[in-house]
Amino acid sequence: MPSASSYAAFDATSPLGPYALKRRDPGPNDVVINIKYCGICHTDIHFTRNDLGFSKYPLVPGHEIAGIVEAVGSDVTNCKPGDRVGVGCLVNSCRTCKNCAEDLEQYCPGMIGTYGAIDRDGTPTQGGYSTLVVVDEDFVLNIPAALPLDGAAPLLCAGITTYSPLRTWGAGPGTRVAIVGLGGLGHMGVKLAAAMGAEVTVISTSDRKREDALRMGAKHFLISKDDAAMTAAAGSFDLILNTVSAASEVNKLISLLDRDGTMVMLGVVGEPVPVAALPLIFGRRRLAGSLIGGLAETQEMLDFCGEHGITSDIEIISVDKINEAYERMLKSEVRYRFVMDLSTMPTA
Ligand code: NAP
Ligand code: ZN
Ligand code: ZN
């Protein structure tokens, strides 16, 4: 079995630390990937801290993986050694259900997550805070030559999670899109929506990120605590992507939608969100959710980013800085995605 060095969480409260990992022996459809960079998603924090209640340890997080193909199984046709590839949040699905047939593998009841799930061989899947991964070729994506691997890594989750609802709800010229929370997901949402031609507004908790938002392509910037500005913006958006992982402000945000507008919940909120019926009824507004994106759409998003030169704004960290990075993310201090450089992995 191939060995990998990794960083893992061993329980919900201790810092992450080095962990020697065995990957499965590659089968005929498998791709062995030498991981170069892995983005740090807020979901990694939810899982390491067991926010959702089903984490199993040791747990190696990381589902924004960018690397180079080291070897391929005998039946692999979609990539070859030396190719630049990515792996996102999924590493397998049932292949037969309605969702899989419609290229919506993320909604497959048998979907296997890149970490925190049980793989076909009965072992836990482990993510990209590691030097090597073995993945079925159907779940390996091609990173366009125009994109650097480090800046492209966050596209594998933050990129597709915002791209998919923007496409589903028709963002483009003539649509007004608001992005709530300028973090990892939010900053990708701004860049993608602006590239699609939408008029973009960022709704943030403070004025600190205004210049960045405008540089990324936003036309307007709203501070959620500014009641007068929020009231003045009532009814002015067709689509809101809410990336915040806290239950605050939901009814206030719904009131910002125009008639028939939709707010899509992307942030994982542990507790129930209290929703008032009246702002939905008056305006035929909708509240929706969306989970990452399917494989075909993820490749489409990567190609779109390649054509438009879109990457994530990143801060590269060495592997041993991961616990510090988590603390800074929890304070919304990262501008705008930490990316781990796997060449700095200590050998376990
Ligand atoms: P992140 O980088 O930490 O960004 C979250 C942003 O939300 C912060 O930068 C901050 O923006 C804002 N924020 C944080 N705490 C807040 C609070 N208490 N009230 C209001 N705003 C707050 O996180 P991320 O990686 O973008 O992930 C965001 C959420 O999406 C997480 O819950 C993650 O698990 C989830 N997620 C969901 C999917 C999906 O498929 N649906 C996929 C990936 C991630 P400002 O500084 O601008 O206020
Ligand atoms: Zn993620
Ligand atoms: Zn399926």
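Counting starts at 1 for both ligands and their atoms, following the listed order.
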Exercise for review: Output the list of atoms in ligand 1 that are nearer than 4.0 Å to some heavy atom of Cys41, sorted by atom number.
Suggested key: 43 (C), 44 (C)

Check your understanding: Just going by heavy-atom distances, which of Pro165, Gly267, Ser332 is nearest to atom 30 (O) of ligand 1?
Key -> Gly267

Point to revise | the Zn ion (ligand 2) reached by His63 (N, O or S, under 2.8 Å) | key: yes

**Study point:** Closest approach of any protein heavy atom to atom 28 (C) of ligand 1, naming residue and atom
**Key:** Thr243 O, 3.0 Å

Check your understanding: Under 2.8 Å from the Zn ion (ligand 3), which protein atoms of type N, O or S occur, listed by chain and number?
Key -> Cys94 SG, Cys97 SG, Cys100 SG, Cys108 SG

Practice item. Measure the distance from atom 38 (C) of ligand 1 to every protein heavy atom, then report the residue, atom name and distance (to 0.1 Å) of the closest one. Key: Thr161 CG2, 3.5 Å

Practice item. Measure from the Zn ion (ligand 2) to each N, O or S atom of Cys41 and report whether any distance is below 2.8 Å. Key: yes

**Study point:** atom 46 (O) of ligand 1: nearest protein contact (heavy atom, Å)
**Key:** Lys209 NZ, 2.7 Å

Review point. Do Asp11 and Ser14 meet the criterion of a side-chain donor-acceptor pair at a distance under 3.5 Å?
Key: yes

Practice item. Kindly indicate whether the side chain of Arg337, heavy atoms from C-beta on, has any atom under 4.5 Å from the side chain of Cys41. Key: yes

**Study point:** Atoms in ligand 1 flagged as close to Ile292, the criterion being non-hydrogen separation under 4.0 Å
**Key:** 39 (C), 40 (O)

Check your understanding: Side chains of Asp44 and Tyr326: donor-acceptor distance under 3.5 Å anywhere?
Key -> no

Exercise for review: Just need the protein heavy atom nearest to atom 33 (C) of ligand 1, so name the residue and atom and give the distance.
Suggested key: Thr43 OG1, 3.4 Å

Review point. Sub-3.5 Å donor-acceptor pair from the side chain of Thr298 to the main-chain atoms of Ile160, do we have one?
Key: no

Review point. Is there a donor-acceptor contact under 3.5 Å linking the side chains of Ser224 and Glu249?
Key: no

**Study point:** Residue, atom name and distance, where the atom is the protein heavy atom closest to atom 27 (O) of ligand 1
**Key:** His42 CB, 3.4 Å

Check your understanding: ligand 1 and Val268, any nitrogen or oxygen pair closer than 3.5 angstrom?
Key -> yes

**Study point:** Under 3.5 Å donor-acceptor, Glu64 side chain and Leu155 backbone
**Key:** no

Check your understanding: Any side-chain donor-acceptor pair under 3.5 Å between Glu327 and Asn323?
Key -> no

**Study point:** Close N or O approach (His46, ligand 1; < 3.5 Å)
**Key:** yes

Review point. Are any of the N/O atoms in Leu291 less than 3.5 Å from those in ligand 1?
Key: no

Point to revise | Atom indices of ligand 1 within 4.0 angstrom of Leu182 heavy atoms, with elements | key: 9 (O), 11 (O), 45 (P), 47 (O)

**Study point:** Salt-bridge present (Arg24, Asp119; N to O < 4.0 Å)
**Key:** yes

Check your understanding: Side chains of Thr205 and Lys225: do they bring a donor and an acceptor to under 3.5 Å?
Key -> no

Point to revise | ligand 1 to Ser206 polar contact by distance, N or O atoms, under 3.5 Å | key: no

Review point. So which protein heavy atom does atom 18 (N) of ligand 1 come closest to, and at what separation?
Key: Ala246 CB, 3.6 Å

Practice item. Run the salt-bridge test on Arg259 and Asp238 with the 4.0 Å N-O cut-off and return the result as yes or no. Key: no

Point to revise | Donor-acceptor pair between Arg23 and Ser130 side chains, under 3.5 angstrom | key: yes

Exercise for review: Heavy-atom contacts with Ser204 under 4.0 Å: which atoms of ligand 1 show up? List them by number with element.
Suggested key: 45 (P), 46 (O), 47 (O), 48 (O)

Review point. If we ignore angles and hydrogens, is there a donor and acceptor under 3.5 Å between the side chains of Tyr336 and Asp212?
Key: yes

Check your understanding: If you count the atoms of ligand 1 from 1 in the order shown, which ones are under 4.0 Å from a heavy atom of Cys157?
Key -> 42 (C), 43 (C)

Practice item. Answer yes if the ring centres of Tyr57 and Tyr19 are under 6.0 angstrom apart, and no otherwise. Key: no

Review point. Relative to each other, are the rings of His63 and Tyr115 parallel, tilted or perpendicular (30° and 60° limits)?
Key: parallel

Review point. Has ligand 1 got any nitrogen or oxygen that is less than 3.5 angstrom from a nitrogen or oxygen of Met265?
Key: no

Point to revise | Any donor-acceptor N/O pair, Lys191 side chain to Thr311 backbone, under 3.5 Å | key: yes

**Study point:** For Arg337, atoms of ligand 1 separated by under 4.0 Å from a heavy atom
**Key:** 24 (P), 25 (O)

Exercise for review: Check each of Thr162, Val190, Thr161 against Leu241 using the side-chain contact (heavy atoms from CB on, under 4.5 Å) test, and report the only one that passes.
Suggested key: Thr162

Revision key, fill the gap. Paired with Pro61, the side-chain contact (heavy atoms from CB on, under 4.5 Å) test is passed by just one of Ile40, Leu16, Thr43, namely Leu16

Practice item. Say whether Gly184, considering both its backbone and side-chain N or O atoms, lies within less than 3.5 Å of an N or O atom on ligand 1. Key: yes

Check your understanding: Which one of Val244, Ile223, Val269, Leu185 has a non-hydrogen atom at the shortest distance from atom 26 (O) of ligand 1?
Key -> Leu185

Point to revise | Geometric N/O contact Leu266 with ligand 1, under 3.5 angstrom | key: yes

Exercise for review: Indicate whether any N or O donor in one side chain lies under 3.5 Å from an N or O acceptor in the other, for Tyr7 and Asp320.
Suggested key: no

Review point. Is there a side-chain contact between Val275 and Leu287 (heavy atoms, below 4.5 Å)?
Key: yes

**Study point:** Identity and distance of the protein heavy atom lying nearest atom 4 (O) of ligand 1
**Key:** Gly183 CA, 3.3 Å

Check your understanding: Do any nitrogen or oxygen atoms of Thr205 come within less than 3.5 Å of a nitrogen or oxygen of ligand 1?
Key -> yes

Revision key, fill the gap. Counting from 1 in the order shown, the ligand 1 atoms closer than 4.0 Å to a non-hydrogen atom of Ser290 are 39 (C), 40 (O), 41 (N)

